[in-house]
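Proteins come first, then strands; the chains are lettered A, B, ... in the order of their sequence lines, and each starts at number 1.
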Amino acid sequence: MWVAVVSAGGTGGLLRELDAAGKPAGPVEAAPELGAAVARWERAGPPRWVLTAVAQEYPSLLDAGVRLDRCHDLLLTEALLLGHAGRWGAPRSLAAAWARLSGGVVPDDPVPASRQLQPALFEPAAAGMPAGVDPLQAVTAVYADQRRRMAALAPAGRMRLLAAAESACALAAVEMGRVGMPWRADAHDALLSELLGPRPVAGARPPRLAELAERISAAFGGRPVNPDSPADVLRAFAREGIALASTRSYLLREVEHPAVPALLAYKELSRLHTAHGWNWLETWVHEGRFRPEYVVGGVVTGRWASRGGGALQIPRTVRRAVVADPGWVLVVADAGQLEPRVLAALSGDIAMAEAAGVDDLYEGLAERAFGGDRARAKLALLSAMYGGATGGAAELLAILHQRFPVAMAHVEAAARAGEEGRLVRSHLGRTCPPPGQRWREAQAVAGGPGADAEAERAAVQRGRERGRFTRNFIIQGTAAEWALILLATLRQRLAGTDAELVFFQHDEVIVHCRRELAEEVTEAVTGAAEAARRLMFGDTPVRFPVRVAVAERYSDAK
DNA sequence: AGACGTTGCGCC
DNA sequence: AAAGGGCGCAACGTCT
């Protein structure tokens, strides 16, 4: 059963039941309290809600105490469908989708919230509709149209699966942002004090950093050098006759100079202080929880992004501040070697699938093609997926081509498509954006009159960059889909328990639950991974093992 | 002072 | 022959 819903400003809204094709199948229900009306439908047997944008509309429903079970997010789906049609930049608001359907003038999308002074958080998602157009009618019509567009795509059902997973994950993302990750401010503060010294007054360097800065200046002969300024550091090395392209750690490590150890230590601690220090703690952790905002579909490949707090880049060191509540545990699950497994399944390469049928895929590859040398097998496969071939990787790639021709042809075809400016798609149909301006300009100049060798080189260079992007896109995008389905399935399986989904990062998920529930949750995760494998790839022999650890601290889960 | 691009590094 | 994917964030440095 499907029910379309729009908020009408304030607490009110409109609802209407739809049939399977998205056609109205009941009267319009005007609800003065939308939350209460939605809750009634949920209790009566949860429908699939058709709504404009979960990210905008779900928070106020949660405020009203309503949890949605299933939904279809029109804006997320519109983005997928426009992308598939090669229309990445097209406006995707409800008003724009409606205008395309009805032949009206397509309005530009509103300015992204992050660029606005006052984010329009509480504006109904259906806002911006032209006067005289019923937003409920627009929602209904756009939904029916999206059903048609999805059904017209081959292979059948894949885009529907992707839209369903993306929509379900949009619900999960809002819920996770609300619940937050258990975070012990005292443990975090203890860690900072241990590594940086006592907290300094605002603006001052922590004691350990101040000491290191002095040692650095001393190593350069006593003349003050600001380690926070790469330009200053480069100048200091230049004065000593050492030319450096940049101050990146991996370059510094190769330099023989008394300042280097202190500089490396400074960089590491400074990073901790500025990115996840006391300021971060005060800004992002409240009442024992870190509450980031997740952005579903925020990355072109379909990975999530996050806004604020760097939720997807939490350094390993601070994970010891992530501690379960008393009597509760963290069930930490991550999919090992997800991307190479995805390549094996996606390409249908039987030999690679067999190698991926064991717990350690790289070991499987090594046995079959690299004389048991796991490190070389890993380097080879990473080069194939990312497009790199530094050092001796070219020879390793040749081995892969010989032993796994189907998989290699798959990634090479994606790379060629990219170099030629064509689009590639993930397994379920998420489509890469078209080439950017730099690519187009480089190709135009190289193909035009008066093109010189320099222009040719630039065009080849841009082509390769684009090829590396599309080569990786099909794998990263498909891996992201597998993870979306796992998360959506896991959310379903945890519904009705008091277990909390608290973290999701590309191929890793954390559930916070009572200790007694840990075993059940573990089974739910492994079951969800298996469901994701089946829904994506049917009866592929490729395994997608999930490593599950039950721990009180995140840092103990590895 | 604020916008913007660059640098460098954290995560996958 | 050569070819290293995707992000967010903070600080610096330059420009306006």
Any idea which of [options] is nearest the [X] side chain?
X        : options                : result
A/Arg464 : C/dA1, C/dG5, B/dC11   : C/dA1
A/Gln476 : C/dG6, B/dC11, B/dG8   : C/dG6
A/Val299 : B/dC12, C/dC9, C/dG6   : C/dG6
A/Thr274 : C/dA11, C/dC12, B/dC11 : C/dA11
A/Arg468 : B/dC11, C/dG6, C/dG4   : C/dG4
A/Ala305 : C/dC7, B/dG8, C/dG5    : C/dC7
A/Glu508 : C/dC12, B/dC12, B/dC9  : B/dC12
A/Ser246 : C/dG5, B/dG8, C/dG6    : B/dG8
A/Thr247 : B/dG8, C/dG6, B/dC11   : B/dG8
A/Asn472 : C/dA10, C/dG5, B/dC12  : C/dG5

Checklist entry - Is a side-chain donor-acceptor pair under 3.5 Å present for A/Tyr266 with A/Arg205? => result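 There is such a pair (donor and acceptor under 3.5 Å, judged by atom type) between the side chains of A/Arg205 and A/Tyr266.
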Checklist entry - Would A/Asp360 and A/Gln337 count as having a side-chain donor-acceptor pair, cut-off 3.5 Å? => result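 Checked: A/Asp360/A/Gln337 side chains pair up, N/O donor to acceptor below 3.5 Å.
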Checklist entry - Taking the six-membered ring for Trp, is the centroid-to-centroid distance between A/His188 and A/Trp280 below 6.0 Å? => result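 Between A/His188 and A/Trp280, the centre distance is under 6.0 Å.
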Next on the checklist: Between A/Phe220 and A/His257 (judged by ring centroids, cut-off 6.0 Å), do the two rings come close enough to count as a pair?
Outcome noted: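 Ring-ring flag for A/Phe220/A/His257: true, centres closer than 6.0 Å.
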Next on the checklist: Treating A/Ser246 as the side-chain partner and A/Leu244 as the backbone partner, does any N or O pair qualify as donor plus acceptor under 3.5 Å?
Outcome noted: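 Not confirmed, A/Ser246 side chain does not pair with A/Leu244 backbone.
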Tell me whether the OP1 or OP2 atom of [N] has a side-chain N or O from [X] closer than 4.0 Å.
X        : N      : answer
A/Ser383 : C/dA3  : no
A/Thr301 : C/dG5  : no
A/Arg271 : B/dC9  : no
A/Arg316 : B/dC12 : yes
A/Lys267 : B/dG8  : no

Specify the separation, in whole Å, of atom [atom1] of [X] and atom [atom2] of [N].
X        : N      : atom1 : atom2 : value
A/Leu487 : B/dC12 : CG    : C1'   : 16 Å
A/Asp232 : C/dG13 : CG    : C1'   : 12 Å
A/Leu195 : B/dG10 : CG    : P     : 14 Å
A/Phe504 : B/dC12 : CZ    : P     : 13 Å
A/Arg416 : C/dA3  : CZ    : P     : 15 Å
A/Phe503 : B/dC12 : CZ    : P     : 8 Å
A/Phe290 : B/dC11 : CZ    : C1'   : 12 Å
A/Gln337 : B/dC12 : CD    : P     : 15 Å

Item to check | Separation between the C1' atoms of C/dG4 and B/dC12, rounded to whole Å | outcome: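 Each nucleotide's C1' atom is 15 Å from the other's.
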Give one of base, sugar-phosphate or nothing for [X], where a contact means two heavy atoms less than 4.0 Å apart.
X        : result
A/Arg319 : sugar-phosphate
A/Gly309 : sugar-phosphate
A/Arg471 : nothing

Checklist entry - Is the ring centre of A/Tyr386 under 5.5 Å from the base ring centre of C/dG4, and are the two planes under 30° apart, so that they stack? => result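 One would not call A/Tyr386 stacked on the C/dG4 base.
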Next on the checklist: By the definition side chain to side chain contact (heavy atoms under 4.5 Å, CB included), identify the one residue from A/Arg289, A/Arg291, A/Met176 that meets it with A/Val502.
Outcome noted: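 Exactly one candidate clears the test, A/Arg289.
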Next on the checklist: Is there, by distance only and without an angle test, a donor paired with an acceptor across the side chain of A/Arg303 and the base of C/dC7 below 3.5 Å?
Outcome noted: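 No pair found.
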Item to check | Result of checking A/Arg430, A/Glu481, A/Gln476 against A/Thr301 for side-chain hydrogen bond (donor to acceptor under 3.5 Å, both in side chains) | outcome: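 Going through the options one by one, the only one that passes is A/Gln476.
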